[in-house]
Amino acid sequence: MQRRQFHRLLTASVSAASLLSPVLVHAQTKTVLRAGDQKGGLRALLEAAGELKNLAYDIKWTEFPAAAPLAEALNADAVDFGPIGDAPLLFTLAAGSRVKAFAANRSDAYGTAILVSPESPLKDASSLRGKSIATNRGSIGHFVTLKALESVGLTADDVQIKFIPPADAKLALTQGAVDAWATWEPYTALAETSKHARVLVNGRGLSSGLSFLAATDSALLNKRSILQDFKGRVERAQVWSYKHPAEFGAALARIVGIPEEAARLQFERRATRWVPIDAQVITDQQRTADFYLKVGLVKQKLDVSKTFDSQFSGQA
C-alpha cells in the first residue's frame, strides 16, 4: 500500500515538474539585444571599459563596414539598433523607415574628410573640378563632399562621384582609379598613418559632427529599458576612455584589428562627447536635411523631429 502511494506521489511530482520546467527555462532565458556596429567601434569601447560585464541581457553583435548597410538592416528589422551618422539617418527617414535616434554625440569633424594620394597635385576643394571622388551614397563622406564643393562654388555636376564601399574605395585611390576618396574615421586615420593618403579637405566647418544611436520603433517599444541601460554603459565607457587613452587605444587596436597608431589618432582627435537630444541637435539635423533637399538627394522636405525619441534621454 505504501509502495503504491509512493509511486503515485512520484508520478505526480514528475508530471508537475514537466509542466513547470518550460516556464522555468523561459524565465531564465535572457532577452537578446541585436546590436549593429561599424568597424567594431562601439563594441570595442564597451569591452575595453569593462561595460559588457554583468548584463541582464545578451547582445548579438553584427558588424557593418558603413552606415548605409547598417541603415538597411535597421529598415529590415534585422538589428534592433546601431550607431549612425547624421546624414545616413536622414536617408532612413526619406525611405519611410520606422527608426528613431535615442542618443546623440558630437565629435570633432576633422576625420570626416576628402583624401587624396600623397603625391596628388590637388591642393584644395576648388581643385576637385572635373575629378573623380569615391564615397558611399548617403554617407557622411558624401555629405562633406557636397558641402566642400558648395563652399567653393561647385556642385556635384562639376565632379564625378563614384559610390564605392570603403575597402574598395581605398583600393581605387591607391591604384589611381579615382582622384579622391571621401570617408570617415577610422578609415581616415588608417590611410594617414599608413601613408596611403593625405587629407585634402577636412570636415571642420562643413559637418555638425553629430552621430546617433538609432533603434527600430519595435525595439524602442519592447526593449526600452534595455536600450536605456545600454546607453548608460556607452556614456560611462566614453568617459572612461578619455581618462585612460593609452589603455583604450591599445584595446581599440586589438579589438577592431587596426594598428595602435591609427586607433589612437582617430580616438583622440574625435573627442566624442554624448549630448542630450535638445533643440540644438534637432536644428542642426534639420539644417542637414534641408541641404540634402537643396542638392536633390531627397525629393521632399523632411521634418527631422520624427527621427528622434527625445524623451528617451530624460529617463532614469
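What's counted below: heavy atoms across the whole structure, side chains too, no hydrogens, waters or symmetry copies. Numbering of residues begins at 1 and proceeds along the displayed sequence.
Ring geometry, W184 versus Y187: the interplanar angle exceeds 60°, so the pair is classed perpendicular (tilted spans 30 to 60°).
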Apply salt bridge (Lys or Arg N to Asp or Glu O under 4.0 Å) to D37 and R43, showing your working.
CA-CA 7 Å; D37 201 5; R43 184 177 186 177; over 6 Å; no
Test ring pair (Phe, Tyr, Trp, His ring centres under 6.0 Å) applied to F102 and F212, step by step
CA-CA 7 Å; F102 65 93; F212 307 100; over 10 Å; no
Decide yes or no on ring pair (Phe, Tyr, Trp, His ring centres under 6.0 Å) for F81 and F230, but give the supporting numbers first.
CA-CA 11 Å; F81 80 102; F230 187 91; 4.8 Å; yes
Please report the C-alpha distance between K294 and E150 in whole Å, then the side-chain angles of each, then the deciding distance to 0.1 Å, and finally whether the salt bridge (Lys or Arg N to Asp or Glu O under 4.0 Å) criterion is met.
CA-CA 11 Å; K294 176 183 175 182; E150 182 191 53; 2.6 Å; yes
Side chain to side chain contact (heavy atoms under 4.5 Å, CB included) for K131 and V178? Distances and angles first, verdict last.
CA-CA 8 Å; K131 305 301 182 182; V178 295; over 6 Å; no
Passes salt bridge (Lys or Arg N to Asp or Glu O under 4.0 Å), D77 versus R34? Steps please.
CA-CA 10 Å; D77 198 29; R34 302 173 302 162; 3.2 Å; yes
Given the rule in the side chain to side chain contact (heavy atoms under 4.5 Å, CB included) test, do N75 and V99 qualify, once you have shown the distances and angles that lead to the verdict?
CA-CA 7 Å; N75 290 345; V99 174; 4.0 Å; yes
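For L173 against S117, the heavy-atom pair with the smallest separation is CD1-N, 4.0 Å. Nearest approach of G138 to F91, heavy atoms of both residues: CA-CE1, 3.4 Å. Of all the heavy atoms in L45 and V234, the pair that sits closest is CD2-O, 4.1 Å. The minimum heavy-atom distance between S211 and G85, with the atom names listed, is OG-CA, 3.9 Å. Nearest heavy-atom pair, I258 versus P186, reported as atom, atom and distance to 0.1 Å: CD1-CB, 4.1 Å. Closest heavy-atom contact between K223 and T31: CE-CG2, 4.1 Å.
Taking 4.5 Å as the limit, some side-chain heavy atom of I161 sits within range of a side-chain heavy atom of V159. Considering only heavy atoms from C-beta on, F163 stays 4.5 Å or farther from N136 through its side chain. The shortest distance between side-chain heavy atoms of V199 and Y110 falls below 4.5 Å. Looking only at side-chain heavy atoms (C-beta outward), W274 and E235 come within less than 4.5 Å of each other. Here the side chains of T188 and L115 are in contact, with some heavy-atom distance below 4.5 Å. Within the 4.5 Å cutoff, the side chain of L52 has no heavy atoms near those of the R233 side chain. Using a 4.5 Å cut-off on side-chain heavy atoms (C-beta onward), Q286 and D303 make contact. Side chains of T145 and F143 form no contact here, defined as non-hydrogen atoms less than 4.5 Å apart.
Residues I114 and I164 are members of separate hydrophobic clusters, defined by side-chain heavy-atom contacts under 4.5 angstrom among Ile, Leu, Val, Met, Phe, Trp and Tyr. Cluster annotation: I140 and L149 are assigned to distinct hydrophobic clusters (Ile/Leu/Val/Met/Phe/Trp/Tyr, side-chain heavy-atom contacts under 4.5 Å, transitive). Both L190 and F248 belong to a single network of hydrophobic side chains, linked directly or stepwise wherever heavy atoms of I, L, V, M, F, W or Y lie under 4.5 Å apart. Note on L122: it clusters hydrophobically with L154, by side-chain heavy-atom contacts below 4.5 Å among ILVMFWY residues. In the hydrophobic cluster analysis, where Ile, Leu, Val, Met, Phe, Trp and Tyr join through side-chain heavy atoms closer than 4.5 angstrom, L93 is grouped together with V281.
Paired with D108 under the rule salt bridge (Lys or Arg N to Asp or Glu O under 4.0 Å), one option of R273, R204, R269 passes, and it is R204.
For the pair R264 (side chain) and L252 (backbone), a donor-acceptor distance under 3.5 Å is absent. Under a 3.5 Å cut-off, the side chain of Y242 and the backbone N or O of T272 do form a donor-acceptor pair. For the pair S132 (side chain) and D179 (backbone), a donor-acceptor distance under 3.5 Å is present. In this structure, the side chain of R270 does not engage the main chain of S107 through any donor-acceptor pair within 3.5 Å. In this structure a side-chain-to-backbone donor-acceptor pair under 3.5 Å is missing from D58 to V32. In this structure a side-chain-to-backbone donor-acceptor pair under 3.5 Å is missing from S120 to V116. Proximity of a side-chain donor or acceptor of T288 to a complementary backbone N or O of D284 within less than 3.5 Å is detected. Between the side chain of T283 and the backbone N or O of A279 there is at least one donor-acceptor pair closer than 3.5 Å. In this structure, the side chain of Q38 engages the main chain of P83 through a donor-acceptor pair within 3.5 Å. In this structure a side-chain-to-backbone donor-acceptor pair under 3.5 Å is present from N222 to S218.
For the atom pair E47 CD and L42 CG, the distance stands at 11.5 Å (nearest 0.5 Å). Atom OG in S207 sits 9.5 Å away from atom NZ in K147 (nearest 0.5 Å). For the atom pair L70 CG and E63 CD, the distance stands at 11.0 Å (nearest 0.5 Å). Taking CG of N105 as the start and CG of L213 as the end, the distance is 7.5 Å to the nearest 0.5 Å. Atom-to-atom distance recorded for I59:CD1 and K30:NZ is 10.0 Å, nearest 0.5 angstrom. Once rounded to the nearest 0.5 Å, the distance linking CG of L302 with CD of Q285 reads 9.5 Å.
In terms of the salt bridge (charged side-chain N to carboxylate O under 4.0 Å, His left out) criterion, residue partners of K301 (sequence neighbours excluded) are, by chain and number, D290. Scored by the salt bridge (charged side-chain N to carboxylate O under 4.0 Å, His left out) test, D124 finds no partners at all (sequence neighbours excluded).
Between R224 and D309, at least one side-chain nitrogen of the basic residue sits less than 4.0 Å from a carboxylate oxygen of the acidic one, meeting the salt-bridge criterion.
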